[in-house]
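Note sheet for the following structure.
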Amino acid sequence: MEELKISSKETKDFFIHAFREETLVPILGSGFTRGVKTRRGGSVPSGTDLKDAMIEKISLKKKINKHELESESFSSISEFFQNTFPNPSEDGVIDYYLKNFTGVRINNPQQLRFLNDIKWPYIYTLNIDTGIEDSRPKEWEVFYPNRKFDERKINPDCRILYKIHGDVTMFCKSSDYNEMILTESQYIASLRQSEQFHDLLSADCGNKNLLYIGCSLDDEIDIKYSVLADKNRNKKVRDIRGIYVTSDDLSEFKKDKLAGFNISHIIKLSSSDDYEYFYEFLVQCYEESQAQIEKNITNFKYIELERLGKEKRINLDYLADLSQDKNKLPFYYVSSERIQNIKLLQDKINVVIGRRFVGKTMLAHAILEAHPNCQRYFISEKESLSEKDVVDLLQEHNALIIFDSESLDDRGFNNLLVNFDLSKKNIICIFLNSFDDVVNLLTFNSEIINYAIDGTLTGKILKKDVLAINEKLNLLGIATFNEKNNLLDNTLRIANVYNRKLVNSYTITSLEELKLIIWILVKNKIYFEEIVILGMAKEYKKIVNQFSPFIQEENCKKGEIGKHSAIKVICNGKLGLLQILSAYIYPSASSEIGNRMAKEHQKNVCQAIYEILLSFSKIDMDYVKEFLQFDKLNDIFSRVYSELSITSMSNPNGSTSIKYGAAKFIHNVYANENIKRLKANDPNYWLQRAKSIYITNNYRHAGSRAEILEAIDWAKKAEQDSRIRVDNGETKYFRTESNAIMQIAMLYGRLAKLYGYTKNDVNELALEYYYKVFSDTNNIGATKTLLNHSRGTEDFTKFVNRLISKTDIVGPEWSQERNYLLKIGLNKDDYFIYHDRKY
């Protein structure tokens with residue numbers, strides 16, 4: 001255990017660097033506020049003082065010799081005390097706590113500067129007193145381990161205080177001892193109540209520098225659990241320090257106990273008076289660190305990328321998505337002709353939507369390079385900004401700010417909507433995958449959305465772009481693109497021809513590997529705190545090394561959303577990972593053994609998805625809802641990445657068909673009993689199941705009508721359950737309800753077609769739900785999609801045509817709805833013009 005000297009340059013440099021990188025986290029113990037006076041004339045006791053006070057009161061009530069109790073632990077005495085005085089409001093207990101733990105008046109200027117002049121992102125405290133939050137009441141937001149919370153709902157201008165031992169104020173109000181966490185049983189109960197709290201503490205123990213001030217660490221079950229616990233938490237993932245500040249002389253036994261908390265360094269003060277000097281020293285280090293840095297958003301300033309040279313191998317690796325150097329563009333890169341047709345506005349949020357692997361990121365670079373005179377910011381798919389830094393970005397003037405796919409989830413997008421400011425004259429452009437949940441939000445915010453490119457980008461490459469790319473590929477001696485194929489198919493074909501797959505040597509062998517790979521393919525990065533929540537702190541480095549270069553670990557940028565993470569794991573080669581996963585799910589062997597292996601592997605994938613959902617079930621289920629979105633699953637588990645499909649792409653005879661989609665497997669995911677049991681109360685789960693039937697149903701077999709009817713029931717459950725939640729104040733389910741109504745309309749439209757429009761009851765239900773969809777003025781964007789280019793467009797058009805040609809397919813009582821629908825179906829352009837003018 002090493003001693004740090006405050007007088008040494010090395011110590012000062014360490015603290016300046018830690019402040020600059022935001023990797024220093026304080027844990028404050030009872031010694032921090034011991035002796036501070038309170039409003040009611042008391043003074044805050046230390047842990048030892050409180051233990052002595054409890055022993056005194058117990059001995060008087062129970063007639064027990066105090067010496068018998070003094071050797072017991074603090075948590076044991078607390079348990080005995082609460083059993084002895086079960087009615088705290090009647091035994092003077094509440095009065096004692098009110099007097100000595102509330103209305104705490106810290107008046108030491110150095111201590112106050114330490115708390116409030118240093119902009120700590122968050123602080124942990126072992127104290128139950130109100131000293132820290134009372135020091136500047138409106139600037140601290142408090143979270144407790146015995147209550148669920150979502151720290152993203154906090155005011156971004158507030159600092160966060162995590163009170164590890166609960167809240168004395170709530171105890172005094174309720175007379176419920178369980179509002180505090182002082183006994184072992186209370187601690188165990190808190191683990192069940194808020195796993196998130198303890199996972200965040202564990203993440204900090206594993207990848208941040210912890211600074212212990214005023215902590216005895218004699219009986220701290222909480223921190224011991226977070227350092228050593230189950231879920232493999234005791235893995236330090238980087239070179240970090242645990243620093244223990246004390247004015248006491250430490251015995252070898254005490255040092256050994258501290259080592260059990262991953263304490264690596266000690267700062268020994270000469271006396272308790274030196275704490276004032278130590279606080280002032282830290283403030284000075286902080287101020288010096290801030291003088292060296294700019295705003296977090298400078299980390300996202302765009303720097304034009306260099307071009308790779310003409311070396312064939314390097315360009316082939318880039319084309320096959322195997323290059324680790326993504327800070328350069330390949331030699332064969334050309335600025336797409338699409339750039340000529342992009343309409344970027346300053347008074348709206350510009351959106352470009354497309355599937356994966358259609359060149360969205362390359363198009364983003366083309367836009368950025370076409371605006372050299374703007375301040376330019378680029379948030380890549382490997383980054384997600386915190387709310388505060390999104391706000392800071394939007395405060396820029398005349399800037400071009402581009403968010404790549406996966407950098408904004410629906411919460412981040414909502415934050416963008418709230419803070420968008422026309423007066424700043426910024427150009428905001430967001431790239432979205434067509435199946436992202438954010439796309440649903442667009443339809444409810446049509447008034448400030450500009451679709452920078454008409455329609456959804458597909459993988460089809462413009463003819464001029466193909467000619468320009470091929471001209472450069474010819475110079476490299478690399479096979480050229482086929483304009484009849486999309487970008488993904490061209491990439492897979494060429495990589496196969498030149499044996500740049502490299503996936504045959506990679507094999508998935510464990511559930512942990514599956515969880516990490518699936519997570520990264522869904523979210524494109526995983527922060528360390530998420531790794532801890534998934535229980536993979538020990539294994540993840542081994543997995544990263546095993547699947548390099550497709551994934552790698554790197555430091556987080558300041559301003560990223562992973563507040564409790566100094567590191568993250570990112571995806572370098574999405575195509576490679578997709579092929580590895582496909583080889584696992586769809587083994588090439590068609591024998592009985594191969595089929596059995598495929599079933600077992602697909603069962604394991606379902607288990608991995610279930611464990612991901614389960615890990616967040618008590619924290620934030622919305623954060624992992626993507627893992628059950630049909631479009632996301634269909635993309636990640638598509639058979640197009642299988643060996644058979646990739647080989648057929650390069651087969652000049654075209655004798656083997658290319659397989660797309662993952663219908664059968666996705667049905668297995670939704671039908672998995674564990675997943676169903678976990679998600680049965682979620683309307684979105686039933687909506688996704690209904691959507692999967694609609695999209696993947698094979699109309700040629702006899703069961704198709706029955707399956708469509710079952711899907712209608714599921715979608716109606718999603719509609720009705722969402723309405724109940726909206727009525728109870730959960731407004732986020734308004735979107736689910738609206739989407740469910742549209743899905744029901746599309747299902748009935750499909751069912752009416754399957755019956756040849758001969759069943760009037762089905763036709764009338766289709767008419768009813770189509771009418772509901774188009775009369776919903778809050779969902780104009782989605783209705784435009786249904787009219788123009790969705791999977792349901794053909795069914796809707798055929799239904800309208802049948803309404804025209806045969807008036808008797810619905811009863812006369814439906815004339816109003818029929819005429820309304822006919823007007824829309826026959827006058828699509830007028831419908832668009834009217835609603836565009838409206839917004």
Can you list the steps and then say if Y623 with E530 is a side chain to side chain donor-acceptor pair (under 3.5 Å)? CA-CA 11 Å; Y623 191 64; E530 295 162 349; 2.3 Å; yes

Euclidean distance, N262 CG relative to Y244 OH, rounded to 0.5 Å: 15.0 Å

Check this for me, if you would: do E280 and R113 make a salt bridge, where the nitrogen-to-carboxylate-oxygen distance has to be below 4.0 angstrom? yes

Identify whether the distance between the nearest side-chain nitrogen and carboxylate oxygen of R105 and D134 falls below 4.0 Å. no

Is the closest side-chain donor-acceptor distance between T183 and Q82 under 3.5 Å? no

Given side chains that start at C-beta, do those of T33 and I106 come closer than 4.5 Å, heavy atoms only? yes

Other residues, nucleotides, ligands: >12 heavy atoms within 6.0 Å of D249 CG: no

Side chains of S565 and E529: any donor to acceptor distance under 3.5 Å? yes

Paired with F101, the side chain to side chain contact (heavy atoms under 4.5 Å, CB included) test is passed by just one of D167, T130, I128, T169, namely I128

Treating S264 as the side-chain partner and G242 as the backbone partner, does any N or O pair qualify as donor plus acceptor under 3.5 Å? yes

Does the ring of F81 carry K61 above it, NZ/CZ under 6.0 angstrom from centre and within 45° of its axis? no

With the threshold set at 4.0 Å, does a side-chain nitrogen-carboxylate oxygen contact exist between D410 and K625? yes

Test of ring centre spacing under 6.0 Å for H564 and Y122: yes

Charged N to carboxylate O below 4.0 Å: is that the case for K525 and E383? no

Find the distance between CG (D274) and CZ (F281) and round it off to the nearest 0.5 Å. 13.0 Å

Identify whether the distance between the nearest side-chain nitrogen and carboxylate oxygen of K563 and D204 falls below 4.0 Å. no

F197/F143 aromatic ring centres below 6.0 Å: no

Tell me if a side-chain donor or acceptor on N87 pairs with a main-chain N or O of S89 at a distance below 3.5 Å. no

Take S30 and N127, measure what side chain to side chain donor-acceptor pair (under 3.5 Å) needs, and give me the verdict at the end. CA-CA 5 Å; S30 59; N127 299 346; 4.9 Å; no

Is the closest side-chain heavy-atom distance between K12 and E288 below 4.5 Å? yes

How about W519 and Y527: are their ring centres within less than 6.0 Å of each other? no

S407 meets the side-chain hydrogen bond (donor to acceptor under 3.5 Å, both in side chains) criterion, sequence neighbours left out, with none

Hydrogens and angles aside, do S386 and D389 bring a side-chain donor and acceptor to less than 3.5 Å of each other? yes

Are D620 and Q196 close enough that a side-chain donor and a side-chain acceptor fall under 3.5 Å? no

Charged N to carboxylate O below 4.0 Å: is that the case for E133 and K163? yes

Give me the one residue out of L394, D392, L393 that meets side chain to side chain contact (heavy atoms under 4.5 Å, CB included) with V390. L394

Examine K57 relative to F85 and say whether NZ or CZ is less than 6.0 Å from the centre of the six-membered ring and inside a 45° cone about the ring axis. yes

Sidechain N-carboxylate O distance under 4.0 Å for K568, E554: yes

Do the ring planes of F114 and Y279 sit parallel (below 30°), tilted (30 to 60°) or perpendicular (above 60°)? tilted

Are a donor atom and an acceptor atom from the side chains of T11 and S8 found within less than 3.5 Å of each other? yes

Calculate, to the nearest 0.5 Å, the distance between atoms CG and OG belonging to L112 and S135 respectively. 6.0 Å

Does a salt bridge link D95 with K99, judged by any charged N lying under 4.0 Å from a carboxylate O? no

Compute whether any side-chain donor of one residue and acceptor of the other, for Y540 and E553, lie under 3.5 angstrom apart. yes

Between E560 and K558, is there a side-chain N and carboxylate O pair less than 4.0 Å apart? no

Answer yes or no: is there an ion pair linking K66 with D52, defined by an N-O contact shorter than 4.0 Å? no

Ring centroid separation for H198 and Y187, is it under 6.0 angstrom? yes

Would you mind checking if E139 and R159 are paired as a salt bridge, meaning a charged N to carboxylate O distance below 4.0 Å? yes

If you measure only the distance, is there a donor-acceptor pair under 3.5 Å linking the side chains of Y275 and Q111? no

Among side-chain atoms of R40 and T102, is any donor-acceptor pair under 3.5 angstrom? yes

Donor-acceptor under 3.5 Å (N415 side chain, R411 main chain): no

In terms of heavy-atom contacts, C158 and K138 come closest through SG-O, 3.6 Å

Using side chain to side chain contact (heavy atoms under 4.5 Å, CB included) as the criterion, point out the one residue from I27, L28, I243 that pairs with I213. L28

